[in-house]
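None of these values were measured; they are calculated from a predicted model. Computed from heavy atoms alone, side chains included, the values below leave out hydrogens, waters and symmetry copies.
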Amino acid sequence: MAKVTIVVPIYNVGKYLKKCLDSIINQTFDDFEVILINDGSTDDSGAICDEYKNIDKRIRVMHTSNQGSGEARNLGLDEAKGDYIYFCDPDDWIELDLINDNYRLSSKNSADIIIFGVNNYMYDPQKKSYIYTGKRELGSEHSPFRQEFPILYKNGLASAVWNKLYKLSYLKQHNCRFPQYTQGQDWSFNLLVYRDVENVIYNDNNYYNYVKYKNNTAVTRYNKDKPYIRERLFEEFKSLLDYWEIDENCSKDLLYKCLLGDVLGEMRNNFHLDSPDKLNEKYKKCKKLLNNKQVIEIIGDNKARNVGFTEKVMSTFIRRKFVVGIMLEAYSRQILRSNFKSIVYDIKNFMNKK
């Protein structure tokens, strides 16, 4: 029986998949199995999966109809036979000693989770190259998990699954599953995992290589379910903090940062060029969100708390309900990857109606 199961949900990533799979099969640790779930891909992803299955006997391939990455990962959870399980995204890649180093540390300490650092890259489609843009590192203090959590959250290391190795028996004992959300499945899953976890260890090295692409991804494309997902994830996060009975000031800071990010994400989604709404409808949706009681209580009545410059500016826009400023920021983020004429056309029509 394999010591580690690696699960990779795959959907239309043929351009990048081989780099990911090469980094997996060339790990310095041998005793693992790989479960590739081809989630209804319409490109050559499925054929690449089968190709690698023929190359490496540790690989199993499952071809399914498209159900989303959450359900694909759940299928991997059900099929996993390893002592530990690792979830890798198919358009990123991992360092060759990720499994070796983190499995050995986890098994030595009987850890429920081990958390490690991340390298960030931007993909340049013209040059077909990866540009290193920085890293996300663990905090210097390896405190008990609930004390360390605020640092992990603020450093962008708490929500994703790909910078963690999980003990499979712990996940099954606590019935940790991925939801069917179209975004945010990782975060929802981890909020379940974190609820009662005690034995968490840390590895200061960076093993995961996360890539930001300029093309459409689950994070950047328009999502009509965004309001529902925002509400659900915020309530799940608040429920965790309440369950932990975390320090009140710390809880307020975390909820502020969480809701600010979620509200900005929803408003940027409202003004997405692929949204079918007319601009005046987008404006009304944003105005309604800014008048939400929870948004007013947590963001509207408080000044920015320990956030970056952009977030400070945007939180000011939110407090003052300056929708036009939010709209212009949302459009400016899309200029580099979208049709500038479409933006001008939208704004011109909106101004003519004012």
Side-chain angles (χ1 to χ4, degrees), residues 1-10 16-37 48-49 52-61 73 76-77 79-121 130 132 134-140 142 145 148 152 155-158 160-172 176 186 189-190 193 197-211:
M1 184 179 295
K3 290 183 169 63
V4 177
T5 299
I6 302 174
V7 175
V8 188
I10 294 161
Y16 321 110
L17 184 54
K18 289 187 177 184
K19 185 175 181 66
C20 173
L21 297 182
D22 285 340
S23 74
I24 290 174
I25 65 173
N26 289 311
Q27 288 290 299
T28 57
F29 186 85
D30 291 327
D31 196 1
F32 63 86
E33 64 171 352
V34 183
I35 303 177
L36 306 179
I37 297 97
I48 293 172
C49 290
Y52 274 75
K53 176 184 176 182
N54 293 330
I55 293 172
D56 195 316
K57 64 181 180 181
R58 295 172 297 183
I59 294 177
R60 282 191 281 157
V61 177
R73 291 191 183 113
L77 265 172
E79 295 291 323
K81 295 181 172 65
D83 298 325
Y84 283 84
I85 187 167
Y86 177 66
F87 300 99
C88 184
D89 278 0
D91 49 0
D92 301 323
W93 80 95
I94 60 178
E95 294 299 313
L96 299 184
D97 51 359
L98 184 153
I99 300 299
N100 179 73
D101 292 0
N102 290 287
Y103 171 75
R104 294 195 187 285
L105 279 172
S106 297
S107 58
K108 179 181 178 181
N109 294 278
S110 298
D112 296 321
I113 311 173
I114 185 169
I115 303 174
F116 45 86
V118 178
N119 297 312
N120 293 321
Y121 289 86
Y130 296 86
Y132 177 73
K135 55 189 174 182
R136 287 178 253 176
E137 295 182 295
L138 301 177
S140 57
H142 291 175
F145 180 65
E148 191 78 12
L152 294 168
N155 288 349
L157 293 168
V161 293
W162 29 250
N163 68 319
K164 301 168 184 72
L165 188 68
Y166 303 86
K167 182 183 284 186
L168 183 60
S169 60
Y170 175 85
L171 299 182
K172 294 196 171 183
C176 298
D186 292 32
F189 173 80
N190 276 327
V193 175
V197 74
E198 294 182 359
N199 192 3
V200 178
I201 63 173
Y202 311 95
N203 186 336
D204 289 326
N205 297 311
N206 296 351
Y207 294 93
Y208 193 79
N209 298 300
Y210 170 78
V211 185

- Task: Could you please spell out the steps behind the side chain to side chain contact (heavy atoms under 4.5 Å, CB included) verdict for I10 and C49?
- Result: CA-CA 9 Å; I10 294 161; C49 290; 3.4 Å; yes
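- Taking 4.5 Å as the limit, every side-chain heavy atom of L36 sits out of range of all side-chain heavy atoms of K53.
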- L171 and V193: CA distance, side-chain angles, deciding distance, side chain to side chain contact (heavy atoms under 4.5 Å, CB included) verdict: CA-CA 7 Å; L171 299 182; V193 175; 3.7 Å; yes
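- The shortest heavy-atom contact between C20 and P90 is CB-O, 3.4 Å.
- Here the rule is side chain to side chain contact (heavy atoms under 4.5 Å, CB included) with Y170, and of I113, D112, N199 only D112 fits it.
- Counting heavy atoms from C-beta on, the side chains of D56 and V34 never come closer than 4.5 Å.
- Atom CG in D31 sits 11.5 Å away from atom CD1 in I99 (nearest 0.5 Å).
- Judged purely by distance below 3.5 Å, without hydrogens or angles, the side chains of Y207 and N102 never pair a donor atom with an acceptor atom.
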- Show your working on side chain to side chain contact (heavy atoms under 4.5 Å, CB included) between V161 and R73 and close with a plain yes or no. CA-CA 11 Å; V161 293; R73 291 191 183 113; 4.2 Å; yes
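- Only one option out of V118, D89, D91 pairs with Y210 in a side chain to side chain contact (heavy atoms under 4.5 Å, CB included); it is V118.
- With E33 as the fixed residue, the salt bridge (charged side-chain N to carboxylate O under 4.0 Å, His left out) test singles out one of R60, K81, R58: R60.
- Pairing each heavy atom of S106 with each of I114, the nearest pair is OG-CG2, 3.1 Å.
- A 4.5 Å side-chain heavy-atom check between N100 and Q27 finds every atom pair outside the cut-off.
- A heavy-atom distance below 4.5 Å is not found between the side chains of S23 and L98.
- Under the 3.5 Å distance criterion, with hydrogens and angles disregarded, a donor-acceptor pair is assigned to the side chains of N119 and N209.
- Y121 pairs with exactly one of Y16, W93, Y208 by the ring pair (Phe, Tyr, Trp, His ring centres under 6.0 Å) rule, that one being W93.
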- Task: List the steps and the verdict of side chain to side chain contact (heavy atoms under 4.5 Å, CB included) for Y52 and L17.
- Result: CA-CA 10 Å; Y52 274 75; L17 184 54; over 6 Å; no
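- Within a 6.0 Å sphere centred on CD of E198, heavy atoms belonging to other residues, nucleotides or ligands number 12 at most.
- The distance from the CD atom of E95 to the CG atom of N205 is 10.0 Å, given to the nearest 0.5 Å.
- Remark: F29 CZ to L96 CG distance equals 14.5 Å, nearest 0.5 Å.
- Once rounded to the nearest 0.5 Å, the distance linking CZ of F189 with NZ of K164 reads 10.0 Å.
- A heavy-atom distance below 4.5 Å is not found between the side chains of L138 and N155.
- Here I201 contributes atom CD1 and L165 contributes atom CG; the two are 9.0 Å apart, rounded to the nearest 0.5 Å.
- Between the T5 side chain and the G82 main chain, a donor and an acceptor come within less than 3.5 Å of each other.
- The side-chain heavy atoms of D83 and S107, taken from C-beta on, include no pair separated by under 4.5 Å.
- With Y86 as reference, W162 is the one residue of Y166, W162, Y103 to meet the side chain to side chain contact (heavy atoms under 4.5 Å, CB included) rule.
- Shown here for A160 and N190, the closest heavy-atom pair between the two residues is O-ND2, 3.0 Å.
- Separation of atoms NE2 (H142) and CG (N203) is listed at 8.5 Å; rounding is to 0.5 Å.
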